[in-house]
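Following: one structure in structure tokens, then a few remarks.
We use all heavy atoms of the structure for the numbers below, so side chains are in, but hydrogens, waters and symmetry mates are not.
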Amino acid sequence: MKTGFIVLRVSALQIGFVWLLVMSSQAVFGQVRLPRLISDGMVLQRDIPINVWGWAKAGETVGVTLNGKTGKAQTGSDGKWKLQLPAMKAGGPYQLTVQGSNQLKVNDILIGDVWVCSGQSNMVLPMERVKERYPNEIAQAKNPAIRHFFLPTRYNFQQPQDDVPPGRWEAATPQNVLRFSAVGYFFARDLYEKYRVPIGLINASVGGSPAEAWLSEDALKRFPNHLATAEKVKDSAYVAGVQQSEKTAIGLWYNNLRKNDKGWQGEKNWTDPTYDASDWPTMQLPGFWEDAGVPKGNGVVWFRKEIEVPAEMTNKPAKLFLGRIVDSDSVFINGTFAGSIGYQYPPRRYELPANLLKTGKNTLVVRVINTAEKGGFIPDKPYQLVANGQMIDLKGSWQYQVGAVSGPMPGTTFFQYKPEGLFNALIAPLLNYAIKGVIWYQGEANTENASEYRRSFPALIADWRNHWQQGQFPFLFVQLANYLPAKNQPSESQWAELRDAQFKTLSVPKTAMVVATDVGEWNDIHPLNKETVGKRLALAAEHLAYGGKTVVYSGPVYQSMKREGSKIRLTFSQTGSGLVAKGGGALKHFAIAGADHRFVWASAKIEGNQVVVWNDQVPNPVTVRYAWADNPEGANLSNREGLPASPFTTSH
């Protein structure tokens with residue numbers, strides 16, 4: 001009986017707890033809620049009606065007040081409500097009050113212009129990644145009228161989401177700006193300096209994402225292959241199974257690598273500064289170890305260098321620059337772990353504490369894991385140790401030793417790149433939020449299928465405009481920068497094909513394109529010069545979104561060709577105050593071909609707002625290309641305002 005009494009007593013407590021839980025959840029559900037974008041510090045779009053929306057108990061009346069304007073709405077059976085306030089002029093700060101069964105207040109609201117920043121990693125890339133290039137710009141980023149809301153990566157294949165992932169509005173300060181999109185910040189800074197209107201940036205961008213990930217299910221109907229993929233990944237069990245299988249395989253690969261790594265075996269591991277590495281071979285860094293004669297394969301290679309550090313560089317915080325490394329690295333100084341980066345793209349910039357370096361001999365050890373293709377240290381990047389205003393160059397001879405050899409790491413399925421996932425999770429929740437327009441930097445992920453991009457990119461613009469229901473808002477995009485080693489002769493190029501697809505997208509109304517083939521880096525898909533890109537986007541916005549009809553916002557744009565005997569005459573628009581060869585000298589990177597389509601370098605001469613192209617070895621030319629390469633190094637056709645011409649081909 002005693003035991004039964006205890007059981008009954010516990011059951012009653014459990015029932016009471018469940019009842020309280022249900023009642024409290026009903027109370028929370030019944031309260032008025034707002035989406036995360038409608039929060040302290042937000043920027044609302046001026047001069048068009050303002051949407052305010054959220055959730056509350058079914059049938060509840062919700063009242064909203066902002067800047068002396070009021071509105072009311074009643075929730076439907078789904079608990080959703082939405083209302084519209086009249087258009088307002090730029091200004092603030094204001095407070096938004098929402099009244100239902102509870103009251104909410106949103107503070108420090110500005111009314112200005114809201115731009116969605118989207119695309120892939122070159123839009124994601126934050127000011128923190130370019131802080132060495134722009135220290136003064138960061139220190140001077142003290143503008144409460146420029147605000148940024150970053151959306152962390154989420155994807156959803158089931159349905160469009162009602163709310164964005166957790167985030168917050170941040171005003172530009174030297175600390176906050178490090179998290180801003182670098183392109184977005186420079187864009188906003190230039191616009192604010194010209195118009196003195198608050199600028200809100202909603203950063204919905206995901207590194208590595210292809211265009212199809214940003215298309216809605218409706219838009220995907222034009223792309224049956226992507227629609228089929230989208231249907232497949234709606235199966236959550238399938239996705240979870242793939243992820244678990246890949247996680248297990250990759251974990252096993254790393255475990256075997258570490259178990260077989262000779263660097264961790266023996267009486268002393270290879271991080272120990274007293275380890276005798278006198279018999280290790282040497283190679284010149286930066287460089288790839290396969291090029292230095294190491295047998296092909298993946299796995300672990302250890303690198304070691306002894307450096308002499310003067311007393312003036314000790315007892316001071318130091319910074320170690322190791323360029324970029326393929327693929328991941330762990331760094332040890334005098335046997336002490338100093339940092340690690342797990343994939344190839346971020347720059348290696350390790351902050352070292354004041355007590356780590358010592359006067360005299362110091363041992364620097366870098367353990368590099370290569371997961372696929374060639375491993376090593378990317379050339380033409382900084383490799384140096386800096387402290388107290390002094391620098392030690394780390395390029396040159398390093399000792400090395402193979403720790404373990406393995407096959408390539410098992411592959412990973414990046415589900416965030418699958419069709420529809422990013423639209424549902426990151427764009428659909430924005431659609432009630434009124435905007436000025438979109439700035440877009442993407443395309444690297446689609447270079448293997450430029451012909452499809454000719455359709456998918458315009459489809460994306462139309463899809464977003466259709467869903468936002470704000471008409472043809474400005475859509476400004478960045479053409480791919482120059483990248484990969486430059487070639488000595490004219491050749492085919494997937495990157496050039498993709499740039500051409502972007503160029504063709506200018507036929508879509510209310511679009512503008514920024515050319516970036518003069519600001520890239522051959523060895524980095526993430527070039528550091530984000531200020532020039534942001535400035536050029538701002539010029540495009542001045543023309544397209546702010547009515548600056550006389551603004552020279554674009555470099556020369558190819559219009560038409562006319563054959564004149566053995567020469568071809570090219571006509572351009574957007575010539576500004578005239579065509580020039582930027583930097584002086586002859587025009588470069590024009591190629592010409594006859595009916596055989598074999599391109600050779602051509603001479604080119606500016607005549608007014610036209611360019612005449614020829615090569616005496618091609619007496620019957622039919623086609624001209626300009627800057628048609630992965631990296632059209634030296635291409636220099638520009639207008640006098642300094643804006644470069646877009647790459648082009650006359651063949652279609």
field: salt bridge (Lys or Arg N to Asp or Glu O under 4.0 Å) contacts touching residues 169-188 (sequence neighbours left out)
entry: R168-E170, E170-R179
message: Considering only residues two or more places apart or on different chains, which pairs with a residue in residues 579-603 satisfy salt bridge (Lys or Arg N to Asp or Glu O under 4.0 Å)?
response: D518-K582
field: Residues in ring-ring contact (aromatic ring centres under 6.0 Å, His included) contact with W614, at least two apart in sequence or another chain
entry: none
- prompt: Any Lys/Arg nitrogen of E137 or K530 sitting under 4.0 Å from an Asp/Glu carboxylate oxygen of the other?
  reply: no
- prompt: ring-ring contact (aromatic ring centres under 6.0 Å, His included) with Y626: which residues, sequence neighbours excluded?
  reply: F590, F648
N/O donor-acceptor pairs under 3.5 Å from side chains in residues 469-480, not counting sequence neighbours:
from : atom 1 : to   : atom 2 : distance (Å)
Q470 : OE1    : I435 : N      : 2.9
Q470 : NE2    : I435 : O      : 2.8
Q479 : NE2    : R499 : O      : 3.1
Q479 : NE2    : S646 : OG     : 3.2

message: The criterion is side-chain contact (heavy atoms from CB on, under 4.5 Å); which residues satisfy it with A171, sequence neighbours excluded?
response: R147
Set of residues satisfying side-chain contact (heavy atoms from CB on, under 4.5 Å) with respect to N529, sequence neighbours excluded: R133, Y134, V519, E531, T532
task: Look at the aromatic rings of W440 and W214 and report parallel, tilted or perpendicular, splitting at 30° and 60°.
output: perpendicular
field: Distance under 6.0 Å and angle within 45° of ring axis: K436 vs Y546
entry: yes
Residues that F223 engages under ring-ring contact (aromatic ring centres under 6.0 Å, His included), provided they are two or more places apart: none
Pairwise salt bridge (Lys or Arg N to Asp or Glu O under 4.0 Å) hits with a residue in residues 568-581, at least two apart: E564-R569, R569-E607
- prompt: Does K395 have any salt bridge (charged side-chain N to carboxylate O under 4.0 Å, His left out) partners at least two apart in sequence or in another chain, and if so, which?
  reply: D393
task: Not counting sequence neighbours, list each pair that qualifies as a salt bridge (Lys or Arg N to Asp or Glu O under 4.0 Å) and has a residue in residues 619-635.
output: E492-R625
- prompt: Got a sec, which residues hit side-chain contact (heavy atoms from CB on, under 4.5 Å) with E373, two or more places apart in sequence or on another chain?
  reply: none
